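Structure first, then comments.
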Amino acid sequence: MEDRYGHRISYLRVSITDRCNERCTYCMPRELQEWLPREGILSFEETLRLVRIAARLGVRKVRVTGGEPLTRRDVVPFIAELAALPGIEDVGLSTNGTLLTREVSPGVPIAQALRRAGVRTVNVSLDTLDREDYRATTGRDLLPEALAGLQSLVAAGFELIKINCVLMRGRNEEQLVPLVEYAAEHNLLLRFIELMPVSTSEVLSEENFLPILTARRLLESRYGALMPEPQFRTNGPASYYQIPGRDQRIGFIGAMTNLHFCESCNKLRLTCDGKLRPCLGSYLEFDIMKEMRAGASDAELERFFLNVVDRKPEQHDFRDSYVPGRKMVAIGG
Ligand code: SAM
Ligand code: SF4
C-alpha cells in the first residue's frame, strides 16, 4: 500500500481497548473517562480478520496498544494468533508495564507468556523514576509495579525492550539523567518523546512543552556531545544518538519540532472501535467496523484499506492549532 506522497504502509498499530488502569494527564482527560460499550469494540476475531487483510496488502509489523492492552482478557492467545498470521513478521506491544507480572498460569507471568506468544519488542511507558511524580502524572501510585514489570520483561528474555518517556517541562527534566542511568543498567532502549496535542488542550501549553532539543542539551551538559547515529532505525520516526564513551544509545521522537517527522511514515492505525486512521495527528478516520458488520467481503475490505491509505495526509496537523477530537487512550498511541 502506498499513498500519493510515497509513504509505504507496512506497519499497523492496533488498539484493542480504550480502558486503562492509569490516568496519564496527557492521554486521558478527566472529563472523558467513560468507556465505550463492549459491543462498540472490535472482537478479537474481527480484529484478526482485518489484520489478515492488511497483511495481504503489505503490512508486516503490528503493534498492539490501547488504552492499556493488558487490561483486556485473553490478550495472550489473541497475540499468539496475530503472530501466526501469514505475512506478519513482527508483533510488538505498548504497555504501561504495571500488569506484566500478573500470572496467567501458576508460575508464568504475563511477560513470559507474551514472549512465548511471539511478541518481539515491548515498549513500556515510563516518564519518571520518582514515585510521587509518577503518581501525579499517571494518577496512580504504581511505579513499583511498572518497575517490577520491566524486570519481568528482562527475565523473560525479550530481544528489545524500549522505554518511552514523554517530555514535560516543569515535570520530568530532572528525571532524564536517572532514566538514562536506569536504561543503561538494565540494557533498555530509552526514547524521549515530545508531548503531542492529543488530549485536552490545557495540559498542552508552551509552559509544559519540552522540545527534544532542550532535552538533548540537558543530557549533553551531563554526558558531553551525543553522537548521532543516522544509520540506526527501529521502524519508527526516532533519531538515535550514542552516549560518548558508552555502548548506549538513546532516541528522540520530535513529533512537534522535527519538520521531517512525517516523511518516512509507514503507519496506519486501527482504533478499538473499528476506525482506520491514516494519521494520528489528523481528524480523518474511516469506520471499517461498520462496513464489516454490514457484511462486506474481504475484497471490499481490501478496497476500503486502499482508499484510507489514499487519504493519508502528507503530514500531521499538530502544528496548525489542532484541537484534539478524540482522546489518545481511544485512538491508541
Ligand atoms: N497504555 C500503554 C502505554 O502507556 O504505553 C499503551 C497506550 S499509550 C496511549 C501509548 C503511548 O502513547 C505511550 O508511550 C504514551 O506515553 C504515549 N502518549 C499518550 N499521550 C501522549 C501525548 N499527548 N503525547 C505524546 N505521547 C503520548
Ligand atoms: Fe493509560 Fe497508556 Fe494513556 Fe497512560 S498513556 S492513560 S497508561 S493508555
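As the structure is a computational prediction, the values presented were derived from the model and not from experiment.
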Checklist entry - In the single-linkage hydrophobic clustering (I, L, V, M, F, W, Y; side-chain heavy atoms under 4.5 Å), do L93 and L142 co-cluster? => result yes

Checklist entry - Donor-acceptor pair, E291 side chain versus L301 backbone, under 3.5 Å? => result no

Item to check | Ionic contact status for R131 with D141, cut-off 4.0 Å | outcome: yes

Checklist entry - CG/L189 to CZ/R191 distance, rounded to the nearest 0.5 angstrom? => result 6.5 Å

Checklist entry - Is it the case that R8 and N266 place a side-chain donor and acceptor less than 3.5 Å from each other? => result no

Item to check | Main-chain N/O of Q175 paired with N172 side-chain donor or acceptor, under 3.5 Å | outcome: no

Checklist entry - Among side-chain atoms of E285 and T271, is any donor-acceptor pair under 3.5 angstrom? => result no

Checklist entry - Do V177 and Y223 come close enough that some side-chain heavy atom pair is under 4.5 Å? => result yes

Checklist entry - Do any N or O atoms from the side chain of E185 and from the backbone of Y182 form a donor-acceptor pair under 3.5 angstrom? => result no

Checklist entry - Can you check whether G170's main-chain N or O pairs, donor with acceptor, with N208's side chain at less than 3.5 Å? => result no

Checklist entry - Is there a donor-acceptor contact under 3.5 Å from the side chain of R140 to the main chain of N21? => result yes

Checklist entry - Can you find a pair of side-chain heavy atoms, one from K275 and one from D287, that are under 4.5 Å apart? => result yes

Item to check | Separation between CG of N307 and CE of M1, rounded to the nearest 0.5 Å | outcome: 12.0 Å

Next on the checklist: I need the minimum non-hydrogen distance between T121 and R63, along with the two atoms involved.
Outcome noted: OG1-NH2, 3.1 Å

Checklist outcome for this item: Between A83 and A117 the two heavy atoms that sit nearest each other are CB-O, 3.6 Å

Checklist entry - Is any side-chain heavy atom of L126 closer than 4.5 Å to a side-chain heavy atom of L143? => result yes

Next on the checklist: Do Y240 and L160 sit in one hydrophobic cluster, given that two such residues count as connected whenever their side-chain heavy atoms are within less than 4.5 Å of each other, even indirectly?
Outcome noted: yes

Checklist entry - CZ/F305 to CG/L50 distance, rounded to the nearest 0.5 angstrom? => result 5.0 Å

Checklist entry - Side-chain contact, heavy-atom cut-off 4.5 Å: L150 with H186? => result no

Next on the checklist: How about CZ on R311, more than 12 heavy atoms from neighbouring residues, nucleotides or ligands closer than 6.0 Å, or not?
Outcome noted: no

Checklist entry - Considering all heavy atoms of both residues, which atom of E194 and which atom of A255 are nearest to each other, and what is their separation? => result OE1-N, 3.4 Å

Item to check | Test log, rule side-chain hydrogen bond (donor to acceptor under 3.5 Å, both in side chains), inputs N96 and T98 | outcome: CA-CA 6 Å; N96 61 32; T98 59; 2.7 Å; yes

Next on the checklist: Which heavy atom of M289 sits nearest to which heavy atom of D273, and what is that distance?
Outcome noted: CE-O, 3.5 Å

Checklist entry - Hey, are R56 and D298 close enough for a salt bridge, meaning a charged N less than 4.0 Å from a carboxylate O? => result yes

Item to check | Atom pair CG/CD1 of L188 and I163 - distance to nearest 0.5 Å | outcome: 4.5 Å

Checklist entry - Under 3.5 Å, is there a donor-acceptor pair linking the side chains of T17 and E68? => result no

Item to check | Any donor-acceptor pair under 3.5 Å from K312 side chain to P278 backbone | outcome: yes

Checklist entry - Taking the side chain from R19 and the backbone from W35, do they hold a donor-acceptor pair closer than 3.5 Å? => result no

Checklist entry - Between R135 and E132, does at least one N-O distance fall below 4.0 Å, as a salt bridge requires? => result yes

Checklist entry - Can you find a pair of side-chain heavy atoms, one from L270 and one from L42, that are under 4.5 Å apart? => result yes

Checklist entry - With a 4.5 Å limit on heavy-atom distance, are the side chains of V76 and I110 in contact? => result yes

Checklist entry - Going through the checks in order, is the side chain to side chain contact (heavy atoms under 4.5 Å, CB included) test met by L82 and F44? => result CA-CA 10 Å; L82 199 58; F44 280 150; over 6 Å; no

Checklist entry - Side chains of E89 and S10: closer than 4.5 Å at any heavy-atom pair? => result no

Item to check | Residue N187 excluded, over 12 heavy atoms near CG under 6.0 Å | outcome: no

Checklist entry - Can you find a pair of side-chain heavy atoms, one from R115 and one from L153, that are under 4.5 Å apart? => result no

Next on the checklist: Donor-acceptor check, side chain of Q242 to backbone of R246, threshold 3.5 angstrom: yes or no?
Outcome noted: yes

Next on the checklist: Against L114, only a single residue in V104, I79, V91 fulfils side chain to side chain contact (heavy atoms under 4.5 Å, CB included); can you say which?
Outcome noted: I79

Checklist entry - Quick one: ring pair (Phe, Tyr, Trp, His ring centres under 6.0 Å) pairs with a partner in residues 101-143, sequence neighbours left out? => result none

Item to check | Test applied, side chain to side chain donor-acceptor pair (under 3.5 Å); reference residue, Y241; option that passes from R249, Q248, R216 | outcome: R216

Next on the checklist: My understanding is that only residues two or more places apart in sequence, or in another chain, count here; which of them pass side chain to side chain contact (heavy atoms under 4.5 Å, CB included) with R73?
Outcome noted: none

Checklist entry - How about E174: does its CD atom have over 12 heavy atoms from other parts shown lying under 6.0 Å from it? => result no

Next on the checklist: Between E46 and R293, does any NZ, NE, NH1 or NH2 come within less than 4.0 Å of an OD or OE carboxylate oxygen?
Outcome noted: yes

Item to check | Closest approach of R49 to S297 (non-hydrogen atoms, all atoms of both residues) | outcome: NH2-C, 3.6 Å

Checklist entry - Nearest heavy-atom pair of F158 and V122: which atoms, and what distance? => result CE2-CG2, 3.7 Å

